[in-house]
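Notes follow once the structure below has been shown.
Atom set for the values below is all heavy atoms of this structure, side chains included, hydrogens, waters and symmetry mates excluded.
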Amino acid sequence: MSEHVEWSEPDTGPAPVSAPLTPADAADAARLVAFGLQPKLQPARDQEYADLLRRHREDPAFARLADAVAAGLGLIVLEVSPRAGMAVTAAEDSVFAVRMGDYARRTSADGGDRFLHGLAHLAVAAMAFPRPEDLADDGYIGRVSVNGVDAFVRQACRRLEERAEEQGENTDPATDAPGLEAAWRIWARRSAAGATKDARRLAGSTTGIVGKAVAFLTDSGFLQRTGDDNGGTYRTTARYQLQVRDMAGSAALAELLELGVVPVTDGTATLLPPDETDDLELVADAGLPFHS
């Protein structure tokens, strides 16, 4: 007579419980967020930063803590990776938000010039990532120059003027009411360069405005200067690609791309807003990466 034996899974005991987070862990999480707020800092050049990024990737509890610290500061985490570091952008109500009005005051821009500074930032974004597949490709590096951006905007101005004439719109509004003008009309009337007595370009010229835009983006860790040709040449960073992805659905950026001045091809990602968005206008506070 054989004895029936019932087999069962071995008792492995209770599931392991991760150690509770401590004040030191909270300090490390805040330190990681602080690193993320230093856009020029590269993880490959700072061992502590690299170690905290690795911990964020490998320790889910720590990752949630760091993300919560960022959220509490009004920051949106775009990506956490060795390539981009802890890439964050400020929500509209964050103390870290940079507003177009603040940027305009930094550059001593008057009310009318706020249109131009916003358009300059939009143009840099459109030229840096002209195709959806470029914006979607983590390995893609965009390249722009100051003179190239100005030429791009002037070509866009011509397209917009042609479209206005075809639709019977007033292409020469009153000069004493710049607030009623579209940004492209103000840009088209402004001198491209001009020069001071020592051959420096005028701050209020369109290339001067583009120069301030790319300088701000460079200081913010979004661009890296690569040379002096064409008024200054620049390459994009991973952080800038993430920033533009976050803003890719803006109507103002779509306005530039829809003109066909830069090629936009079919792809799984898109820089265009939904089809029902027909009336797109360039607005005063639409510049990247600002809040209105």
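- Between Ser191 and Arg154 the shortest heavy-atom distance is C-NH2, 3.6 Å.
- Here the rule is side-chain contact (heavy atoms from CB on, under 4.5 Å) with Thr233, and of Thr226, Val144, Val214, Val146 only Thr226 fits it.
- Using modelled atom types, one side-chain atom of Asp25 and one backbone atom of Thr22 make a donor-acceptor pair closer than 3.5 Å.
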- Task: Kindly indicate, with the supporting measurements, whether the criterion salt bridge (charged side-chain N to carboxylate O under 4.0 Å, His left out) is fulfilled by Arg54 and Asp51.
- Result: CA-CA 5 Å; Arg54 186 180 305 107; Asp51 290 342; 2.9 Å; yes
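- By the side-chain hydrogen bond (donor to acceptor under 3.5 Å, both in side chains) test, Glu58 pairs with no residue at all, sequence neighbours left out.
- For the atom pair Leu116 CG and Ile209 CD1, the distance stands at 4.5 Å (nearest 0.5 Å).
- Heavy atoms only, all atoms of each residue included: Ala61 and Leu21 are closest at O-CD1, 3.8 Å.
- Taking every heavy atom of both residues into account, Thr207 and Ala192 meet most closely at OG1-O, 2.7 Å.
- One distance of note links CZ of Arg143 with CG of Leu223; it measures 11.5 Å at 0.5 Å rounding.
- Aromatic ring pairs are classed by plane angle as parallel below 30°, tilted from 30° to 60° and perpendicular above 60°; the pair Tyr240 and Phe222 is tilted.
- In the hydrophobic clustering of this structure, Leu78 does not group with Val244; members are Ile, Leu, Val, Met, Phe, Trp, Tyr whose side-chain heavy atoms approach within less than 4.5 Å, directly or through other members.
- In this structure, Arg245 contributes its side chain and Ala136 its backbone to a donor-acceptor pair below 3.5 Å.
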- Message: Run the side-chain contact (heavy atoms from CB on, under 4.5 Å) test on Phe35 and Leu53 for me, step by step, so that the C-alpha distance in whole Å, both residues' side-chain angles and the decisive distance to 0.1 Å come before the verdict.
- Response: CA-CA 10 Å; Phe35 280 131; Leu53 288 172; over 6 Å; no
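- A side-chain donor-acceptor contact under 3.5 Å links Arg83 to the backbone of Asp138.
- In this structure, CZ in Arg55 is found 4.5 Å from CZ in Phe62, a value given to the nearest 0.5 Å.
- Atoms CG and CZ, from Asp59 and Arg64 in turn, are 8.5 Å apart once rounded to the nearest 0.5 Å.
- Contact record, Arg225 with Gly231: NH2-O, 4.5 Å, taken as the closest heavy-atom pair.
- Leu242 and Leu135 fall into different hydrophobic clusters, where Ile, Leu, Val, Met, Phe, Trp and Tyr are joined by side-chain heavy atoms under 4.5 Å apart, directly or via other members.
- Shortest non-hydrogen contact noted between Met127 and Val149 is SD-CA, 3.6 Å.
- Of the possible donor and acceptor atoms, none in the side chain of Gln241 sits under 3.5 Å from a partner among the backbone N and O of Gly139.
- Residues Tyr49 and Met86 meet the side-chain proximity criterion, which asks for heavy atoms closer than 4.5 Å.
- Expressed to the nearest 0.5 Å, how far CG of Leu217 lies from OG1 of Thr237 amounts to 9.0 Å.
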- Message: Between Thr206 and Asp150, is the side chain to side chain donor-acceptor pair (under 3.5 Å) condition met? List the steps.
- Response: CA-CA 7 Å; Thr206 54; Asp150 181 56; 2.7 Å; yes
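- Closest heavy-atom contact between Pro43 and Gly85: CG-CA, 3.7 Å.
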- Message: Apply salt bridge (charged side-chain N to carboxylate O under 4.0 Å, His left out) to residues Lys40 and Asp219 and explain how you reach the verdict.
- Response: CA-CA 8 Å; Lys40 288 188 175 182; Asp219 289 342; 3.7 Å; yes
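- Using a 4.5 Å heavy-atom threshold, the side chains of Leu37 and Leu75 count as touching.
- Checked by atom type and distance alone, the side chain of Arg57 never pairs as donor or acceptor with a backbone atom of Leu52 at under 3.5 Å.
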